[in-house]
Amino acid sequence: MNIVVVGTGYVGLVTGVALAHIGHQVTCVDVDEEKVERMKHGISPIYEPGIEPFMKENMEANRLFFTTDGARAYQEADVIYIAVGTPENEDGFADLTYLKQAVKDIAAAVTKDVIVVTKSTVPIGTNHEMKRMFAELAPHVRIEVVSNPEFLREGSAIHDTFHGDRIVIGADDERAAAVVADIHRPFGIPIFHTDIRSAEMIKYASNAFLATKISFINEIANICEKVGADIEQVAAGMGMDARIGSSFLRAGIGYGGSCFPKDTKALAKIAANIDHHFELLKAVIEVNNKQQRKLIEKAKERFGRLAGKRVALLGLSFKPNTDDMREAASLVVARELLAEQATVVAYDPIAMGKAAHVLPKEVIYADRVEQALERADAAMILTEWDEFRQLDLSVYVNKMKTPIIFDGRNCYALHDVARYPIEYYSIGRKPITNIK
Ligand SMILES: NC(=O)c1ccc[n+]([C@@H]2O[C@H](COP(=O)([O-])OP(=O)(O)OC[C@H]3O[C@@H](n4cnc5c(N)ncnc54)[C@H](O)[C@@H]3O)[C@@H](O)[C@H]2O)c1
Ligand SMILES: O=c1ccn([C@@H]2O[C@H](COP(=O)(O)OP(=O)(O)O[C@H]3O[C@H](CO)[C@@H](O)[C@H](O)[C@H]3O)[C@@H](O)[C@H]2O)c(=O)[nH]1
């Protein structure tokens, strides 16, 4: 089976590598020449733990290739996976420009029948629109379109691909569905067959539901703070109920990343377009927007004014084990701190290179966590990197001007913090005020 993957971002590259690893012949196409050049040398354009050894192993076995020559790759393909970006446009809807361009590129090149598999997250009805475009642009061949939404998480993408809970295959054509199921069978993951529209909706509904769990637990955390309960205990107790489940109940400063923010907004928009006002989802989004500002609120309450304060920002990426800055809470927090005329000194183990392109230019970068904390009036933890979780708490005491920590990810146990002369404000838990 000759497989081509269009787009080598988080989804495309991981899909290409994984399909090669289970034995398929895979060519990954990207329009970004620099990216392709790096990948040809076994260098991943994204920070994703464990991906490069997989790339190298499959390249050496002659199963994995990279090219910018889409036309040639599409001509030789039996199955083409589309994994290009579908970012948010200014109305909150999914921008389908890249996807439509990929459809045009494929239609212009193919000379034989082919199956096109859509991995990109697309609004309900998009795969049918793609089918219509193919029929119009490439009437000489038969192109079947299959929806195969992706559920991997950044930072654990390789693990998720080999250990996913399900593979969703949405198709109108039984033969095409069977071909795609056969391709994925070696993963040994349950395959769920459905129609195309339901597959498209499964992706949006899954992300919206997970985002709902996060906003729900964050609201409970905010109430816990006021009634003296502890969110870690509450989430643990709730999660023991198998009907609720313990995952995605980590309270914090809200969800970010390339998917939840855009996909929740896109689903709300999809609903609005058919005159359905998705009130629950709108509240989930609103709660998240507020939650991203939670540490600023707490700091203002503690200090009154933030002007002139030196604040160490620990963690910039939207979650640990990725350098992805898309919709990271750090963007909001850095901007607000600077607007309050605070000095912002930032540190992230991996994301500083990317962060420097998107954070305001006034942000100062530290090479090490200790350097960021030096003479700081306050520290704000935005990403729960292991480096911060494992940091000896005495470092805060020894380095900071005043060891006042605002922890947006509940990195430390309260009983550990209580042993140090630290002021500690976290999410949904009692503050600790041990500074003498
Ligand atoms: N990032 C995730 O964790 C994740 C998980 C599940 C689903 N998704 C969805 O998968 C899709 C891809 O997301 P991503 O984060 O991997 O995107 P990305 O932005 O990281 O990568 C997209 C790639 O496509 C390339 N590209 C654009 N147009 C092209 C064309 N015509 N031909 C060849 N290459 C082209 C770009 O150069 C880029 O390298 C989106 O729809 C997203 O919502 C993402
Ligand atoms: O209990 C939790 C879990 C997550 N988060 C936050 O939620 C965001 C998203 O985290 P996660 O879901 O782990 O990462 P993503 O890589 O964005 O993955 C999500 O988005 C992908 C793109 O659609 C989907 O494929 C995945 O299934 C879905 O989990 C991050 O900011 C996390 O800090 C919390 O605040 N609390």
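Every number for a ligand or one of its atoms is a count from 1 in the order of the listing.
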I need the contact type for R250 against ligand 2. Using non-hydrogen atoms and a strict under-4.0 Å cut-off, is it side chain, backbone, both or neither? both
For atom 13 (O) of ligand 2, closest protein heavy-atom neighbour: K319 NZ, 2.9 Å
Heavy atom under 4.0 Å from ligand 1: found in E34's side chain, backbone, both, or neither? neither
Check: of D263, V31, D324, min heavy-atom distance to atom 30 (C) of ligand 1 comes from V31
Compute the shortest N/O to N/O distance between E154 and ligand 1 and return yes if it is under 3.5 Å, no if not. yes
Can you find an N/O atom of T121 closer than 3.5 Å to an N/O atom of ligand 2? no
What are the atoms of ligand 1, with element, lying closer than 4.0 Å to any heavy atom of E150? 6 (C), 7 (C)
Only heavy atoms count here, so choose which of L13, T86, L99, V6 is nearest to atom 33 (C) of ligand 1. V6
Proximal candidate to atom 15 (P) of ligand 2 [heavy atom criterion; set F318, Y255, F260]: F318
E200-T126 side chain donor-acceptor pair, cut-off 3.5 Å: no
Under a 4.0 angstrom heavy-atom cut-off, which atoms of ligand 1 come close to R326? 15 (O), 19 (O), 20 (O)
Hey, is ligand 1 close enough to A83 that some N/O pair sits below 3.5 Å? no
